[in-house]
Amino acid sequence: MSPPLDPFPVLTALQSIVDSIQTNPVTILDAPPGTGKTTALPIELLRAGVSSGKKICILEPRRIAAKSAAKRISQTLNENLGDTVGYRVRFDTKIGENTKIEFLTDGILTKILLSDPEIKDYGLIVFDEFHERRMDSDLCFALVRRTQEVFRDDLKILVMSATLDGQNFESLGIRSKPIEVRATTYPLEIFHMGDSNKNSNQRLLDLIPKAVEQTEGDILVFLSGKKEIRDLRNSLESIPGIKSNATVLGLYGDMDLADQEKIFLPSLPGKKKIILSTNIAESSVTIPGVRVVFDSGYEKHLHFDSESGVSHLIKERISLSSAKQRAGRAAREGKGLVYRLWSKEEEQSFLDRTKPEILSGDIDRLVLEIKSWGEEIQQLSFLDPPNKGSVIQSTTRLKLLGCLDSHENLTNIGKECLRYPLPIRLGKILAILPQEKENLIADVVSLVGKESSGIEAKNFSEETSAYPFSYELKAVYEQILRIYREKTDFSVIKPDQNRLYYLSSGFPDRIAKGKVAGGKSFKLSNGKLASLNTTSIQIPEYIIVLDTFSFGQEIFITQYLPIEETEIEKYFSEIISVKVTSEKRTNQRGESFLLVKEERRLGDLVLDSKETNHPNQEILGLALEEYLVKSSLEEEWKKNPELMQFYNRVKFLEQHGVLNTKTDFHHLKENFKEWLFPFINFDSGKLSLDKLPFLEAFKAYVGYENLSLIDSEAPISIQVPSGSKIQLNYDGIEPELHVKLQELFGLKSLPKLANGKVNILIHLLSPARRPVQITKDLESFWNQGYHEVKKELKGRYPKHPWPDKPWEAVPTKHLNHTKRS
């Protein structure tokens, strides 16, 4: 047995920590797991007076960690919870008049900050396990920093973590050097168990019973999710050796908190604890007795698709920092063993640290909370600011829900939504729910997202609502009901409607229409596709998608409500729009006309479409605009050689600074209405696409006063010595003249174009009109290149003139001529 180690190594750096807190606005502490930073340091900081007589707030990312830490410190002080040390977590509070150290979860601190930006009761805010980078923690950090800047220059911040690699505090102007605590730890043996593609459940069923027999201490197994925990627990409990020698416990985020706390109780005599946990056990207070860790190497988390408003449950590799945290759990109280279900080679592809939730999570509540604070996201200092595109999409969605007005200001509905610790779309339902519909709160709570074990779709009718609630969901229901009954402002309440109306109000972007009648593939009003996995033969045409399940990008509908088109018209009339669309239609004579349609739409869903036989001028204009926007202007113009030649000439002079015009196709498409529409007669109610006046309109756009300049500096054609008028080609980079060399006898040079800036590139052709030379210097060609060409071609084309002195020859487009006298 190893000798006992210093139980609180962090206290060796106590004076440095105290000095830094007293000197700097932000202090950073980098200390390994098990050094006492959560349970030993807070009371010493209180005694040192760093909070200036005010409370110390310690932010924990998880409820179990907050409660356990507060309980542990209270025991060391021989006090009750709520005396010197207390906690505030969801559903449970233990604080008293004399409480000086409060352990809070990030959601609770966010609520305090929004109601009291000065947080007057607190002198020190401690961010524990900061590396987890939960969205609420990041928000609290940004808000507390702003409180320091605006209201409280006496407020202090302490950031603590076991791994702060990659956190760029300097980008926020935080200059204090991190205080590092290094501690002697118990030995830790790590074994890589090879290729992780093998069935991890079966491997654990083989390994865990051996560990129960052959190792000391309790066993902690890290799995990716609740389903994996449930499956492995059932399998382990069916093994006789496990049943008689061990107690199998689960540990995950939304289980009953009382059940979570059982893992801290001593094992029963003669029995080991086998704790099957998600990543919740990575960063909580030390779990006593654990000496063996099995790590599957995976975790599940929700990745929010901001474009569709749908969350995808992603199973992916943990980061190296998570693997380090998990392994550290085995060596808190003695020599530890870690079995990693992957190979050393696979580990090389692991990310260094976990991606911050703010970069992949649902930021709708974050946007509203910052609006409620009185600022915009871009005004706050985040270590990792949310993606700008996600902010725009979130803002659009919040406008659709009525939480923001057209100027992006917080509405009464938005304020009411923030009262409920629920996804914003569910808060919207409660915000407009009248008192006589209070019974629908149970329906709303049953929609709180859970990790699904299947993708069988359920029709969320009154008979199939999710009752009775689990212990945890019952606590949520009771909390929501209490908040609802405290409502005093009924200004956002809507007139009495039915159940469907209220439930659908939170999902205006989730109305879906079957792609084919009776089919199971649906298109949502946000443009995404989803599948309805059901055995029912009665599949509605329209549904409201209440909940989804997804791995990767494929979306499965798990809960829905049928809705009729007439109900959509009634409930969503304010966001139904009419869009004019068009398509090209060709008659039997080959003439192309514009067919005009009017579509009634809810987002990306077409509710109905009808052809407009005699559209008025406005509708016809909208239809033409829509057609031209989705058409290729360049391809349209290439059908008209005269138009395309004129365009190329203008473009040539524009590029060489002779014309001050803007004629790229993108710009022209953006401004159709200004330059093209005045030349179109919309009164007829019908448009021929073959006769659109592009050339006339484009000439007017370029300017009639510039036409003579265009003709002189970029002429259509040029007369050569033979008398032929030959067209110039402006398709390429330089203007080109393609001409038989006999037609240029005696000519030294061609005129320069674009105000004398550009030489014509001459393609000299053989009598068969094949290129024999390309040049800009005709004089040099006659003196040098011509004689080589003559040797090669004279025998092949004997009837054409090949004079020895091309300078003196008569230019001709015909056969042999006599020499000049």
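Any value given below was found using the heavy atoms of this structure, including those in side chains, with hydrogens, waters and symmetry copies removed.
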- Query: Charged N to carboxylate O under 4.0 angstrom, R397 versus D364?
  - Reply: yes
- Got a sec: does the CD of E574 have more than 12 other heavy atoms crowding it under 6.0 Å? no
- Taking S504 for the side chain and L500 for the main chain, is one N or O donor matched with an acceptor at less than 3.5 Å? yes
- Message: Using side-chain contact (heavy atoms from CB on, under 4.5 Å), reason through L605 and S525 one step at a time and then give a plain yes or no.
- Response: CA-CA 5 Å; L605 285 187; S525 50; 4.1 Å; yes
- Query: What's the shortest heavy-atom distance between G756 and E713, and which atoms?
  - Reply: N-OE1, 4.2 Å
- Under 4.5 Å between any side-chain heavy atoms of V391 and I363, yes or no? yes
- Message: Within this structure, what is the OG-CG distance for the pair S394 and D362, rounded to the nearest 0.5 Å?
- Response: 7.0 Å
- Message: Once rounded to the nearest 0.5 Å, what's the spacing between atom CD of Q784 and atom CD of E779?
- Response: 10.0 Å
- Is a donor on one side and an acceptor on the other found under 3.5 Å between the side chain of S631 and the backbone of Y627? yes
- Task: Check K740, Q742, E743 against S722 for a side-chain hydrogen bond (donor to acceptor under 3.5 Å, both in side chains) and give me the one that passes.
- Result: E743
- Might you work through the side-chain contact (heavy atoms from CB on, under 4.5 Å) test for I774 and L764, ending with a clear yes or no? CA-CA 6 Å; I774 300 174; L764 294 166; over 6 Å; no
- Query: Between F522 and Y542, does the ring centre distance come in under 6.0 Å?
  - Reply: no
- Message: To check you understand the geometry: which heavy-atom pair defines the closest contact between E734 and L761, and what is its length?
- Response: OE1-CD2, 3.9 Å
- Please confirm whether F745 and W807 have ring centers closer than 6.0 angstrom. no
- Taking all non-hydrogen atoms of both residues into account, name the closest pair between N671 and H667 and its distance. ND2-O, 2.7 Å
- Check the surroundings of atom NZ in K752: do more than 12 heavy atoms from other residues, nucleotides or ligands lie under 6.0 Å from it? no
- Message: Within the structure provided, determine whether R365 and M135 are in side-chain contact (heavy-atom separation under 4.5 Å).
- Response: no
- Taking K520 for the side chain and L532 for the main chain, is one N or O donor matched with an acceptor at less than 3.5 Å? no
- Query: Between E565 and K513, does at least one N-O distance fall below 4.0 Å, as a salt bridge requires?
  - Reply: no
- Kindly say whether S582 contributes a backbone atom to a donor-acceptor pair with the side chain of K630 at under 3.5 angstrom? yes
- Point-to-point distance, once rounded to the nearest 0.5 Å, from CD1 of I544 to CD1 of I511: 4.5 Å
- Considering all heavy atoms of both residues, which atom of E654 and which atom of T661 are nearest to each other, and what is their separation? OE1-OG1, 2.8 Å
- R133 with D138: basic N within carboxylate O range, under 4.0 Å: yes
- Would you kindly say whether H738 and Q727 are connected by a side-chain donor-acceptor distance under 3.5 Å? no
- Task: Answer whether the closest heavy-atom distance between the side chains of K584 and L689 falls below 4.5 Å.
- Result: yes
- Task: Might you confirm whether atom NZ of K597 has over 12 heavy atoms from other residues, nucleotides or ligands at distances under 6.0 Å?
- Result: no
- Message: Between W637 and L643 (side chain of the first, backbone of the second, donor and acceptor by atom type, cut-off under 3.5 Å), is there such a pair?
- Response: no
- Flag, side chain of D777 to backbone of S780, donor-acceptor distance under 3.5 Å: yes
- Query: Can you tell me if R649 uses its side chain to pair, donor with acceptor, with the backbone of A714 under 3.5 Å?
  - Reply: yes
- Message: Can you tell whether the side chains of E591 and K691 come within less than 4.0 Å, N to carboxylate O?
- Response: no
- For N587, does the CG atom sit with more than 12 other heavy atoms under 6.0 Å from it, leaving out its own atoms? yes
- Item | Residues K579 and E598 bridged, charged N to O under 4.0 Å | no
- Item | Spatial distance of atom CD (Q773) from atom CG (L765) [nearest 0.5 Å] | 11.5 Å
- Side chains of L380 and F382: does their closest heavy-atom pair fall under 4.5 Å? yes
- Note on the structure: Only residue of V578, V596, T581, V580 satisfying side-chain contact (heavy atoms from CB on, under 4.5 Å) with L622 is V580
- Does a side-chain heavy-atom distance below 4.5 Å link H763 with L737? no
- Would you mind checking if R600 and E569 are paired as a salt bridge, meaning a charged N to carboxylate O distance below 4.0 Å? yes
- Task: Report yes if the side chains of I762 and F781 come closer than 4.5 Å at any heavy-atom pair, otherwise no.
- Result: no
- Measure from the ring center of Y647 to the ring center of F665 and say whether it is less than 6.0 Å. yes
- Kindly say whether P715 contributes a backbone atom to a donor-acceptor pair with the side chain of D711 at under 3.5 angstrom? no
- Within-4.5 Å side-chain heavy-atom neighbours: R601 and I576: no
- Task: Please work out which of the three classes, parallel, tilted or perpendicular, describes the rings of F698 and Y701, given edges at 30° and 60°.
- Result: parallel
- Does CD in E705 sit with more than 12 non-hydrogen atoms of other residues, nucleotides or ligands closer than 6.0 Å? yes
- Message: Checking the side chain of S390 only, and the main-chain atoms of P386 only, is there a donor and an acceptor separated by less than 3.5 Å?
- Response: no
- Task: Kindly indicate whether the side chain of L778, heavy atoms from C-beta on, has any atom under 4.5 Å from the side chain of W782.
- Result: yes
- Message: Closer than 4.0 angstrom, basic N to acidic O: yes or no for R425 and D509?
- Response: yes
- Task: Report yes or no: does S531 contribute a side-chain atom to a donor-acceptor pair with the main-chain N or O of N533 at less than 3.5 Å?
- Result: no
- Any chance you could measure L383, atom CG, to I358, atom CD1, to the nearest 0.5 Å? 9.5 Å
- Item | Note: E635-K638 ion pair, threshold 4.0 Å (strictly below) | yes
- Message: With rounding to the nearest 0.5 angstrom, report the CD1 to OH distance, I543 to Y560.
- Response: 7.0 Å
- Message: Quick check: closest heavy atoms across I413 and C403, and the distance to 0.1 Å?
- Response: CG2-SG, 4.3 Å
- Check the pair E611, L595 against side-chain contact (heavy atoms from CB on, under 4.5 Å), reporting the backbone distance first and the verdict last. CA-CA 7 Å; E611 186 176 332; L595 180 68; 2.8 Å; yes
- Item | Within 45° cone and under 6.0 Å: K699 NZ/CZ vs F646 ring | yes
- Would you check, one step at a time, whether the test salt bridge (charged side-chain N to carboxylate O under 4.0 Å, His left out) holds for K610 with E599? CA-CA 7 Å; K610 62 180 180 180; E599 292 179 347; over 6 Å; no
- Message: Does L728 form a side-chain contact (heavy atoms from CB on, under 4.5 Å) with I716? I'd like the steps, not just the answer.
- Response: CA-CA 6 Å; L728 289 169; I716 296 175; over 6 Å; no
- Minimum heavy-atom separation for I710 to L653, with atom names? CA-CD1, 3.8 Å
